[in-house]
Amino acid sequence: MSGLRYVYAVCRPFDAALQAQLTGVAGDPPRLLPHGDLVAVVSHVPEADFSEEALRAHLEDLDWLTATARAHQQVVDALTAVTTPLPLRLATVFRDDSGVRVMLEEREAAFRRTLERLEGRVEWGVKVYVEAESAQRAKSERPEASQRPAAKPVSGRDYLRQRRQQTRADDDLWSRAEGFATGLHTRLSERADDARLHAPQNPRLSGAAGRNVLNAAYLVPRDASEEFVETVDRTKDDAPGIRVELTGPWAAYSFAGETEGEGS
């Protein structure tokens, strides 16, 4: 089959079969391209969509990017179920199989070091959000609060006083959330082989409710994942107005380090 070579990940040789009917980017099933003691997971993609010029245009097309990212992730997820993949960045493309083999040879030492570090491990993501509205709702549902409904401000002075009280309540919640997140991150880091703190997400971009106070990734041995998940679950009801979200297990994107591939 003609076309360019799209590379999803690099891994060590493995015997387990990928799930049946798995398709990748542009609808082409992924295949294994071995070179020495490394394997590149690739599929064919049309040059009309993945040439350098075409990619520049597609990067402005959100629908195309979303579909491509979804197909890319689907293949990486399937690999994560049967081996330890080192995922490459979206739209890593080469002219042919020879180009992929040259990349494997040139980056062999770095790939092998990273795969050794990631072997038998997966990534879990944990986010902590401040939910001020939830906290206020919980407060209003207390019996004593229901007996004393908040009075409407009758003057500018009353209004400013109520605003100061609300600001103090918000500041207190934010302070508690930061302390909660710091403690949670410390506990989870002790149960992980490595951890990464990412920048808090912008809610206008992520669409998530609340303010993100912790956005972290943890590299966890597969056989310790159940304990890690239970540790997170035990914290979810510890702090009213604070939400904890757990995602994974993922391929170790946050810990791939210097070995992200580059197309040619």
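All residue numbers in this chain count up from 1 along the given sequence.
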Inset, instruction - Would you name the heavy atoms of Pro30 and Ser43 that are closest together and state the gap between them? - result: CA-CB, 4.1 Å

Inset, instruction - Calculate, to the nearest 0.5 Å, the distance between atoms CE and CZ belonging to Met103 and Phe111 respectively. - result: 4.5 Å

Legend entry - Validation row: Asp28, Val45 side chains within 4.5 angstrom (heavy atoms): no

Legend entry - Sub-4.5 Å side-chain heavy-atom contact between Thr80 and Val122: yes

Legend entry - Step-by-step side chain to side chain contact (heavy atoms under 4.5 Å, CB included) determination, Val229 to Glu226: CA-CA 5 Å; Val229 171; Glu226 183 175 353; 5.9 Å; no

Legend entry - Check: Thr84 side chain, Gly120 main-chain N or O, donor-acceptor pair, under 3.5 Å: yes

Inset, instruction - Please tell me if the side chains of His185 and Leu197 come closer than 4.5 Å, counting only heavy atoms from C-beta onward. - result: yes

Inset, instruction - Determine the minimum heavy-atom distance between Ala181 and Leu214, stating which atoms define it. - result: CB-CB, 3.8 Å

Inset, instruction - Determine yes or no for a side-chain-to-main-chain donor-acceptor pair under 3.5 angstrom, with Arg70 supplying the side chain and Thr68 the backbone. - result: no

Legend entry - Single-linkage hydrophobic cluster Val102~Leu38, side-chain heavy atoms < 4.5 angstrom: no

Inset, instruction - Please tell me if the side chains of Val213 and Phe180 come closer than 4.5 Å, counting only heavy atoms from C-beta onward. - result: no

Legend entry - Rounded distance (nearest 0.5 Å) linking atom OG1 of Thr231 with atom CG of Leu184: 9.0 Å

Inset, instruction - Give a yes or no answer on whether the side chain of Thr182 reaches the backbone of Glu178 with a donor-acceptor pair at less than 3.5 Å. - result: yes

Inset, instruction - Of all the heavy-atom pairs spanning Ala40 and Leu104, show the shortest one and how long it is. - result: CB-CD1, 3.9 Å

Inset, instruction - Report the distance from atom NZ of Lys127 to atom OG1 of Thr247, rounding to the nearest 0.5 Å. - result: 5.0 Å

Legend entry - Arg5 bridged to Asp96 by N-O distance under 4.0 Å: no

Inset, instruction - For Tyr129 and Ile242, run side chain to side chain contact (heavy atoms under 4.5 Å, CB included): C-alpha distance rounded to whole Å, both residues' side-chain angles, the deciding distance at 0.1 Å, then the answer. - result: CA-CA 6 Å; Tyr129 295 92; Ile242 298 172; over 6 Å; no

Legend entry - Minimal non-hydrogen separation, Ala26 against Pro46, with atom names: CB-CD, 3.8 Å

Legend entry - Distance in Å, Ser189 OG paired with Asp194 CG, rounded so as to fall on 0.5 Å steps: 8.5 Å

Legend entry - Min side-chain heavy-atom separation Phe255-Arg117 under 4.5 Å: yes

Inset, instruction - With rounding to the nearest 0.5 Å, note down the distance linking OG in Ser225 to CD in Glu230. - result: 11.0 Å

Legend entry - Student check: side-chain heavy atoms of His58 and Asp49 closer than 4.5 Å: yes

Legend entry - Arg107 side, atom CZ; Thr114 side, atom OG1 - distance, nearest 0.5 Å: 9.0 Å

Legend entry - Under 3.5 Å: donor-acceptor pair, side chain of Asn212, backbone of Pro200: no

Inset, instruction - Please assess Cys11 against Val41 for the test side chain to side chain contact (heavy atoms under 4.5 Å, CB included), listing each intermediate value before the final yes or no. - result: CA-CA 8 Å; Cys11 55; Val41 183; 4.2 Å; yes

Inset, instruction - Given salt bridge (Lys or Arg N to Asp or Glu O under 4.0 Å), test Glu47 with Arg95 step by step and report yes or no. - result: CA-CA 9 Å; Glu47 188 169 358; Arg95 175 62 57 185; 3.0 Å; yes

Inset, instruction - Taking all heavy atoms of Ala54 and all of Phe50, pick out the closest pair and write down the distance. - result: CB-N, 4.1 Å

Legend entry - Test item: Trp250 and Gln73 side chains (from C-beta on) under 4.5 Å apart, heavy atoms: yes

Inset, instruction - Compare every heavy atom of Val82 with every heavy atom of Ala17, then report the nearest pair and how far apart it is. - result: O-CG1, 4.0 Å

Legend entry - Lys/Arg-Asp/Glu bridge criterion (N-O < 4.0 Å) met for Asp97, Arg31: yes

Inset, instruction - Determine, for Glu123 against Arg196, whether the closest basic-nitrogen to carboxylate-oxygen distance falls under 4.0 angstrom. - result: no

Inset, instruction - Give a yes or no on whether the backbone of Leu79 and the side-chain of Thr83 come within a donor-acceptor separation of less than 3.5 Å. - result: no

Inset, instruction - Check whether any side-chain heavy atom of Val93 lies under 4.5 Å from a side-chain heavy atom of Val7, and answer yes or no. - result: no

Legend entry - Basic-acidic side-chain contact under 4.0 Å: Arg112, Glu108: yes

Inset, instruction - For the pair Val10 and Val39, evaluate side chain to side chain contact (heavy atoms under 4.5 Å, CB included) and give the outcome as yes or no after the intermediate values. - result: CA-CA 6 Å; Val10 173; Val39 174; over 6 Å; no

Inset, instruction - Using modelled atom types only, decide if a donor and an acceptor are shared between the side chain of Asp193 and the backbone of Val220 within a distance under 3.5 Å. - result: no

Legend entry - Ionic contact status for Glu245 with Arg243, cut-off 4.0 Å: yes

Inset, instruction - Give every residue pair that meets the ring pair (Phe, Tyr, Trp, His ring centres under 6.0 Å) criterion with at least one member in residues 7-43, sequence neighbours excluded. - result: Tyr6-Tyr8, Tyr8-His72

Legend entry - Polar side-chain atom of Gln74 near backbone of Thr23 as donor-acceptor pair, under 3.5 Å: yes

Legend entry - Charged tip of Arg191 within 45° of Phe228 ring normal and under 6.0 Å: no

Inset, instruction - Give a yes or no on whether the ring-centroid distance for Trp124 and Tyr253 is below 6.0 angstrom. - result: no

